[in-house]
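Scope of the values below: all heavy atoms of this structure, side chains included, with no hydrogens, waters or symmetry mates.
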Amino acid sequence: METQYPSWNLRLVNAFVGMLTGAPGLPSDLREQGYRLHYMEMPFRNSRDDIVKPELIMYSRPNTHAVMIEGKTGGNIDLDQLSRYQDVTSRDLIERAKVPRDAFTTHELWMVVGNKPDICASVLEENGYHCPLLYTDEEVDALRLVRGKVIDSEVHQRLTAGIAVDWTTVPVQFVPIDLDTPAHIITSFVGPAVVRCLISSGQGRISVSSLYSEVIPQIESFSPNTVHLA
């Protein structure tokens with residue numbers, strides 16, 4: 001059975017990228033509070049030297065707050081992963097994830113799930129994790145806080161009420177493919193991108209970074225920092 005395209009995770013990432021960059025048709029609640037996208041899918045090491053890899057990191061200079069976002073399609077809460085996130089310090093975000101030092105004084109993890117929010121909430125509660133739990137899918141058409149408290153009080157209010165998102169129309173042009181994308185769709189994006197890179201290089205070879213920029217052409221506009229695994 002072929003994987004559905006776009007996957008829930010892919011739509012989630014694109015929805016947040018769109019909301020944070022002011023894409024037409026997507027809610028502006030987070031952007032109005034000064035939140036901007038820092039990076040996507042960037043692995044870095046926490047204070048215990050363990051690797052974490054959030055879907056994306058965003059921050060708001062006006063509200064002096066940074067957020068790591070982790071998406072889960074269902075009730076598959078990974079307790080070991082949560083433990084690694086809990087050990088992320090402000091210093092890790094500054095020195096290893098390259099979040100600007102002057103952009104935040106507080107930070108947190110948002111766990112966003114697309115199914116079984118009650119089960120996920122119970123797992124968090126039973127294991128003593130207090131990160132905000134958000135729920136969203138095609139049925140609710142909103143991004144809603146279902147457990148915990150968001151540090152940013154204004155965003156907490158908006159998420160408690162629910163930020164309306166029509167998941168059936170979320171554009172995927174920001175990040176068109178992921179690991180769950182069917183092979184023939186990946187080929188439809190990567191194949192032409194390879195040809196364009198070869199033509200532009202004129203050398204018969206291409207770099208991974210140039211191919212990445214061709215597949216995700218908007219990457220330069222929302223990734224101002226060069227980041228790497230520390």
Side-chain angles (χ1 to χ4, degrees), residues 1 3-17 20 30 37-59 65-93 95-99 104 106-140 142-152 155-156 159 165 167 170 172 175 177-182 227-230:
M1 182 176 178
T3 303
Q4 180 183 0
Y5 176 81
S7 66
W8 180 88
N9 275 85
L10 190 60
R11 282 182 292 166
L12 180 70
V13 169
N14 277 276
F16 269 100
V17 172
L20 295 170
L30 294 176
L37 178 63
H38 175 61
Y39 217 83
M40 303 175 302
E41 294 285 344
M42 185 201 70
F44 66 95
R45 295 185 183 274
N46 65 16
S47 58
R48 294 182 179 276
D49 213 32
D50 295 321
I51 295 175
V52 294
K53 187 180 179 182
E55 312 292 348
L56 57 89
I57 300 173
M58 65 180 186
Y59 62 79
H65 188 53
V67 179
M68 297 173 289
I69 295 174
E70 178 64 38
K72 296 292 183 185
T73 56
N76 56 331
I77 298 296
D78 185 333
L79 296 178
D80 180 62
Q81 182 184 55
L82 279 175
S83 177
R84 295 195 300 272
Y85 275 120
Q86 190 166 260
D87 290 328
V88 172
T89 66
S90 295
R91 183 175 180 178
D92 298 331
L93 289 174
E95 296 183 358
R96 295 180 166 182
K98 307 302 180 184
V99 178
F104 72 105
T106 56
H107 70 273
E108 66 188 342
L109 168 72
W110 290 0
M111 179 68 68
V112 186
V113 298
N115 196 9
K116 303 177 182 178
D118 294 340
I119 294 177
C120 294
S122 296
V123 171
L124 294 176
E125 183 70 29
E126 290 168 3
N127 291 276
Y129 289 102
H130 305 291
C131 62
L133 177 66
L134 283 63
Y135 171 55
T136 186
D137 71 1
E138 296 170 349
E139 295 181 0
V140 297
L143 180 65
R144 193 180 306 275
L145 179 69
V146 295
R147 179 189 180 274
K149 184 176 182 179
V150 172
I151 292 175
D152 186 329
V155 174
H156 176 86
L159 286 172
V165 181
W167 293 98
V170 170
V172 292
V175 186
I177 57 176
D178 64 3
L179 292 176
D180 295 323
T181 301
V227 289
H228 56 86
L229 180 59

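Put simply, the side chain of T136 gets close to the backbone of A142: a donor and an acceptor are under 3.5 Å apart. Remark: side-chain polar atoms of D92 are paired, donor with acceptor, to backbone N or O of T89 under 3.5 angstrom. N115 contributes no side-chain N or O that, together with a main-chain N or O of T73, makes up a donor-acceptor pair within less than 3.5 Å. In this structure a side-chain-to-backbone donor-acceptor pair under 3.5 Å is present from N46 to R84.
To the nearest 0.5 Å, atom CD1 of residue I77 and atom CD1 of residue I119 are 10.5 Å apart. Separating the NE2 atom in H107 from the CD1 atom in I151 is a distance of 8.0 Å, to the nearest 0.5 Å. Taking CG of L20 as the start and CG of L56 as the end, the distance is 7.0 Å to the nearest 0.5 Å. Expressed to the nearest 0.5 Å, how far CE of M42 lies from CD of E55 amounts to 13.0 Å.
Taking 4.5 Å as the limit, every side-chain heavy atom of H130 sits out of range of all side-chain heavy atoms of K149. By the 4.5 Å heavy-atom criterion applied to side chains, C120 and M111 are not counted as neighbours. Taking 4.5 Å as the limit, some side-chain heavy atom of F44 sits within range of a side-chain heavy atom of P54. Inter-residue side-chain proximity for L124 and L82 is flagged as met; some heavy-atom pair is nearer than 4.5 Å. Counting only heavy atoms from C-beta outward, the side chains of W8 and D180 never approach each other to under 4.5 Å. Using a 4.5 Å heavy-atom cutoff, the side chains of V13 and D178 are not in contact.
Across K53 and E70, no two heavy atoms sit closer than the pair O-OE1, 3.6 Å. Looking at every heavy atom in both residues, Y5 comes nearest to V172 through OH-CG2, 4.0 Å. Across all non-hydrogen atoms, the minimal contact from I57 to A97 is CD1-CB, 4.0 Å. A pairwise comparison of heavy atoms in N14 and L10 identifies ND2-O, 2.8 Å as the closest pair. Minimum heavy-atom separation, L30 to W110: CD2-CH2, 4.1 Å.
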message: Please determine whether salt bridge (charged side-chain N to carboxylate O under 4.0 Å, His left out) holds for the pair R96 and D49, giving the CA-CA distance in whole Å, both sets of side-chain angles, and the decisive distance to 0.1 Å.
response: CA-CA 11 Å; R96 295 180 166 182; D49 213 32; 3.7 Å; yes
task: For side-chain hydrogen bond (donor to acceptor under 3.5 Å, both in side chains), just list the numbers for S83 and D80, CA-CA rounded to whole Å, side-chain angles, deciding distance to a tenth of an Å, and then say yes or no.
output: CA-CA 5 Å; S83 177; D80 180 62; 5.4 Å; no
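Contacts classified as salt bridge (charged side-chain N to carboxylate O under 4.0 Å, His left out) and involving residues 117-126 (residues at least two apart or in different chains) are given here: E125-R147.
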